Colleague: 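Pasting a structure below so you can have a look.
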Amino acid sequence: MDRLSQVFAALSDPTRRDIVARLTIADATVSELAAPYDVSLQAVSKHLKVLEGAGLVTRTKDAQRRPVHLEAEVFDLMSKWIERYQQQAEQRYQRLDAVLDELNHRDTPSTQEGTAS
């Protein structure tokens with residue numbers, strides 16, 4: 001599976017998206033990340049392994065702590081992919097608007113038609 005697919009697959013789970021959202025604020029340990037959920041530390045660790053596999057987070061060793069860090073540059077990969085297709089969709093809508101404007105212009109009788117001279 002390519003990296004972009006791994007990233008989107010990892011973010012398909014709402015708990016993992018929430019973890020990523022929380023890591024945008026600050027690094028956190030597994031215990032800190034697990035606190036608001038009614039799941040085990042192992043379950044949160046499994047989510048983190050998926051996020052690590054996708055390159056979204058890394059873990060470092062800081063004395064007694066192993067904080068989880070968000071790798072924000074992965075979002076550039078996603079943003080570029082989304083922007084590419086967003087631009088293509090916008091171009092299609094612009095072409096459709098032009099066709100509709102032209103059709104409306106053809107269907108609208110001119111102001112001089114039907115007037116007595």
Side-chain angles (χ1 to χ4, degrees):
M1 186 184 304
D2 66 277
R3 187 162 190 203
L4 185 61
S5 298
Q6 286 179 317
V7 171
F8 279 116
L11 294 174
S12 67
D13 183 274
T15 301
R16 290 194 287 264
R17 286 194 304 270
D18 188 59
I19 289 170
V20 167
R22 292 173 53 214
L23 288 172
T24 61
I25 298 166
D27 292 356
T29 64
V30 175
S31 299
E32 292 167 341
L33 290 170
Y37 307 115
D38 190 24
V39 296
S40 66
L41 285 177
Q42 291 82 8
V44 172
S45 290
K46 284 183 181 178
H47 283 301
L48 289 173
K49 283 185 182 181
V50 173
L51 293 171
E52 281 182 308
L56 283 160
V57 301
T58 56
R59 293 187 218 198
T60 56
K61 188 153 181 121
D62 179 21
Q64 299 289 330
R65 299 180 66 216
R66 291 204 63 205
V68 179
H69 173 75
L70 182 65
E71 297 296 335
E73 64 274 359
V74 175
F75 292 110
D76 290 339
L77 178 70
M78 298 171 64
S79 297
K80 286 177 184 170
W81 186 86
I82 291 169
E83 285 172 9
R84 176 177 157 201
Y85 291 104
Q86 182 180 17
Q87 287 174 354
Q88 288 180 358
E90 286 174 2
Q91 289 170 353
R92 286 183 59 208
Y93 286 124
Q94 288 172 355
R95 287 194 304 268
L96 178 61
D97 283 344
V99 168
L100 291 174
D101 283 347
E102 185 178 320
L103 289 173
N104 284 337
H105 184 70
R106 283 186 197 166
D107 292 342
T108 304
S110 84
T111 55
Q112 296 184 0
E113 284 183 23
T115 58
S117 52

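These values consider heavy atoms only, across backbone and side chains, with no hydrogens, waters or symmetry-generated copies. Everything quoted here is computed from the prediction, not taken from an experiment.
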Colleague: Report the distance from atom OG1 of T58 to atom CG of L48, rounding to the nearest 0.5 Å.
Modeller: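 The CG atom of L48 is 11.0 Å from OG1 of T58, to the nearest 0.5 Å.
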
Colleague: Remaining members of L100's ILVMFWY cluster at a side-chain heavy-atom cut-off under 4.5 Å?
Modeller: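 Once heavy-atom contacts under 4.5 Å are chained together, L100 belongs with L96.
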
Colleague: Keeping to residues at least two apart or across chains, list the salt bridge (Lys or Arg N to Asp or Glu O under 4.0 Å) pairs with something in residues 71-82.
Modeller: none

Colleague: With sequence neighbours excluded, tell me which residues meet side-chain hydrogen bond (donor to acceptor under 3.5 Å, both in side chains) with D38.
Modeller: none

Colleague: What pairs with S40 under side chain to side chain contact (heavy atoms under 4.5 Å, CB included), at least two apart in sequence or on another chain?
Modeller: Q42, A43

Colleague: Can you list the other members of the hydrophobic cluster that holds L103, where links are side-chain heavy atoms under 4.5 angstrom apart?
Modeller: V99

Colleague: Give the C-alpha distance, both sets of side-chain angles, the deciding distance and a yes or no for side-chain contact (heavy atoms from CB on, under 4.5 Å) between V20 and L23.
Modeller: CA-CA 5 Å; V20 167; L23 288 172; 5.7 Å; no

Colleague: Is there any salt bridge (Lys or Arg N to Asp or Glu O under 4.0 Å) pair reaching into residues 6-34, and which pairs are they, with sequence neighbours excluded?
Modeller: E32-R65

Colleague: Starting from I25 and following side-chain heavy-atom contacts under 4.5 Å between hydrophobic residues (I, L, V, M, F, W, Y), which residues can be reached?
Modeller: none

Colleague: Please enumerate all residues that pass side chain to side chain contact (heavy atoms under 4.5 Å, CB included) together with E90, with sequence neighbours excluded.
Modeller: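 E90 satisfies side chain to side chain contact (heavy atoms under 4.5 Å, CB included) with Q86 once adjacent residues are dropped.
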
Colleague: Any pair with a residue in residues 92-105 that passes side-chain hydrogen bond (donor to acceptor under 3.5 Å, both in side chains), sequence neighbours left out, goes on the list, sorted by first then second residue, please.
Modeller: E102-R106

Colleague: Can you give the donor-acceptor pairs under 3.5 Å from side chains of residues 2-11 to other protein atoms, not counting sequence neighbours?
Modeller:
from: D2; atom 1: OD1; to: S5; atom 2: OG; distance (Å): 2.7
from: D2; atom 1: OD2; to: L4; atom 2: N; distance (Å): 3.1
from: D2; atom 1: OD2; to: S5; atom 2: N; distance (Å): 3.1
from: D2; atom 1: OD2; to: S5; atom 2: OG; distance (Å): 3.4

Colleague: Of all the heavy-atom pairs spanning S45 and V30, show the shortest one and how long it is.
Modeller: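 It is OG-CG1, 3.7 Å.
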
Colleague: For a quick test of reading the model, state the closest non-hydrogen atom pair linking L41 to S31 and the distance between them.
Modeller: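 Where L41 meets S31 most closely, the heavy atoms are CD2-CA, 3.8 Å.
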
Colleague: Not counting sequence neighbours, which residues clear side-chain hydrogen bond (donor to acceptor under 3.5 Å, both in side chains) with R59? List them please.
Modeller: E52

Colleague: So, for A54 and V74, which heavy atoms are closest and what is the spacing to 0.1 Å?
Modeller: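 Where A54 meets V74 most closely, the heavy atoms are O-CG1, 4.5 Å.
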
Colleague: Among residues two or more places apart or on two chains, list those pairs meeting ring pair (Phe, Tyr, Trp, His ring centres under 6.0 Å) that have a residue in residues 20-75.
Modeller: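 Passing the test, one end in residues 20-75: no pairs.
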
